[in-house]
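Chain letters run A, B, ... following the sequence lines, proteins first and then strands; every chain starts at 1.
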2 protein chains.
Amino acid sequence: MSRKRSSIDLGSMQSEEGMSGSGRDEAIYRNLYAAIVENHLEPGTKLPEDTLAEAFGVSRTSIRKVLQRLAYERLVDIRLNRGATVAQPTVKEARDVFAARRIVECGVLGQVVAKATPARLDALREIVRREHEAEARGDRRESIYLSGEFHVALARVSENEAIADFLAGLVSRSSLVIATYGAPMAGSCRHSEHDAVLDLIAAGDAEGARTWMERHLKDVERTVVLVEEEPTATDLRKILDDVARRHRGER
Amino acid sequence: MSRKRSSIDLGSMQSEEGMSGSGRDEAIYRNLYAAIVENHLEPGTKLPEDTLAEAFGVSRTSIRKVLQRLAYERLVDIRLNRGATVAQPTVKEARDVFAARRIVECGVLGQVVAKATPARLDALREIVRREHEAEARGDRRESIYLSGEFHVALARVSENEAIADFLAGLVSRSSLVIATYGAPMAGSCRHSEHDAVLDLIAAGDAEGARTWMERHLKDVERTVVLVEEEPTATDLRKILDDVARRHRGER
DNA sequence: ATATATTGTTTTGTGTACAAAACGAAAATA
DNA sequence: TATTTTCGTTTTGTACACAAAACAATATAT
């Protein structure tokens, strides 16, 4: 009756169009992606190929492909002969990501306003509704996730895939930034004002929507990056402390 | 004396920092990248793993990694069980890429103006100079290449890596678009006015630079995409012709 | 004659094997 | 005691092998 430890259930794949790899690879990718972006895996966590291969019940070959893809998206870091770890965005990187979001999200709003329809706006309001719901019951993870979803869904209204896909990448990196530098309750303190921008868009006020979005993104960045610096500082600090202690003749 | 056909010389690699894969993979990537972007490989060309593996003197494993990366950058197309081909951007894709470039390149100009220094502007003018030189001697390939270089180098002045890398991807895709839909002498007819934007930037006129850039990119798009439609049309046309001929009782 | 079935060949997908590099702990040295 | 060296273990990089899918060309049937 002793059976090998069962592998992770990857769920069922439905539509398989436009996918580069096999359905299974895609499923593994989604799992890892979610684990990283939803902050179940702390930045810096090592991701050994063997472990993942066993966990998902495949060979290292498939895992490698998935890790390469995540590395390209900057969600994991691969160093030569050293394997993969969950990425730890630097402060500079974090700033770049938010600056990029300002440029892209504000820039695309013209097309968004042009292509907005009542049906699409309703779909967006539905996301905001779920966002408030999650916020109300204190589900921070879901709240952050839905906030990201909103920004991406908004961009997709423009029907520009190049821009929307790029923004999706920036948003997932933002999640990593929040995980690394975020204040304990960032994102939930100031309850989301996403409804406001939808009103402006519905009114056809592209310029107003732009200034609103610029403000909103700067707010988000402020609640996050300003808590900055921690990563390598720990090691350095410990070393300096040790040196000082030894100088004082302790121990 | 019969020796196996020698493999492609990959040149020498110098600095190897910040590279995800081994130096050899990177070299292979660069070669294929250049071959595609410089239009030595026509869009739609099949890229069989075995052939590439033998050509570069490595196993399929390494080739696969490189192809995956190029697929992620949308320069090659990988279909399940069907292998890789040089990507053939659709018209919609082409429009998206140019729209994205307008958003990104105009959006980043604020930071570009803010961070511009005489030294950096000189480096940009040097690129423009070489551009004119290539143009003067009728080297269309080099001219197109340097034009792309200019746009990317300009964006890099902003020191926003996220934005600059994204733009680099858009520019390489633009090359593919030109290869697919470009008029025979697109890009060289209207000799590049890149100097003008540098003057505006040097003068600190961000708004002026933006309107100039918007205009410039719309011009470029016009010389290219408007010649549109050819890809699947060929097959369909041939079929219809055959049907018509048969109907007429010929052959 | 067109359309369908069949079969042999080519090419891709994925697992496995082995060499090289990095890591960690114990032993040697200062 | 602190540092360096060495050696065994773990983990990654790359080639290779085999199965499954696609492709191409011929044969068969309508």
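- One interatomic measurement links the two molecules: CD1 of A/I78 to P of C/dA22, which rounds to 16 Å at whole-angstrom precision.
- As judged by a 4.0 angstrom heavy-atom cut-off over every strand, B/T61 is placed among the base-contacting residues.
- The main-chain N or O of A/R64 is never found under 3.5 Å from a side-chain atom of A/R69 such that the two would form a donor-acceptor pair.
- Regarding A/I63, its CD1 atom lies at a distance of 15 Å from the P atom of D/dT11, rounded to whole Å.
- One can find a donor-acceptor pair under 3.5 Å joining the base of C/dG13 and the side-chain atoms of B/R60.
- For B/E49, the side-chain atoms get nearest to C/dG13 when compared with the rest of C/dT11, C/dT14, C/dG13.
- Panel note: side chain B/R79, backbone B/A84; no donor-acceptor pair is recorded below 3.5 Å.
- Between B/E54 atom CD and D/dC16 atom P the separation is 12 Å, expressed in whole Å.
- In the set D/dC23, D/dT12, C/dT12, the nucleotide with an atom closest to the side chain of B/R82 is D/dC23.
- The side chain of B/R24 contributes an N or O atom lying less than 4.0 Å from OP1 or OP2 of D/dA15.
- Not one side-chain nitrogen or oxygen of A/K65 sits closer than 4.0 Å to the OP1 or OP2 atom of C/dT12.
- Taking atom CG of residue B/L52 and atom C1' of nucleotide C/dT12, one finds them 13 Å apart after rounding to whole Å.
- Counting only heavy atoms from C-beta on, B/D50 has its side chain closest to C/dT12 among D/dT14, C/dT12, C/dA21.
- Screening A/V76, A/V37, A/V86 for a side chain to side chain contact (heavy atoms under 4.5 Å, CB included) with A/L176, the sole residue that qualifies is A/V86.
- Nucleotide D/dT12 holds its C1' atom 12 Å from the CD atom of A/Q68, rounded to whole Å.
- Between the side chains of A/E73 and A/Y29, at least one donor-acceptor pair of N or O atoms lies under 3.5 Å.
- Closest-nucleotide positions on DNA chain C for A/S59 and A/N81 were compared, and the one nearer the 5' end corresponds to A/S59.
- Between the CG atom of A/D25 and the P atom of C/dG13 there is a distance of 10 Å, given to the nearest Å.
- Just one residue in the list B/V66, B/D25, B/T51, B/N31 forms a side chain to side chain contact (heavy atoms under 4.5 Å, CB included) with B/F56, and that residue is B/N31.
- Taking every side-chain heavy atom of A/V58 into account, C/dG15 is the closest of C/dG15, D/dT14, D/dT12.
- One atom, CZ of A/R79, and another, P of D/dT12, lie 12 Å apart when rounded to the nearest Å.
- Regarding A/K46, its NZ atom lies at a distance of 14 Å from the C1' atom of C/dG24, rounded to whole Å.
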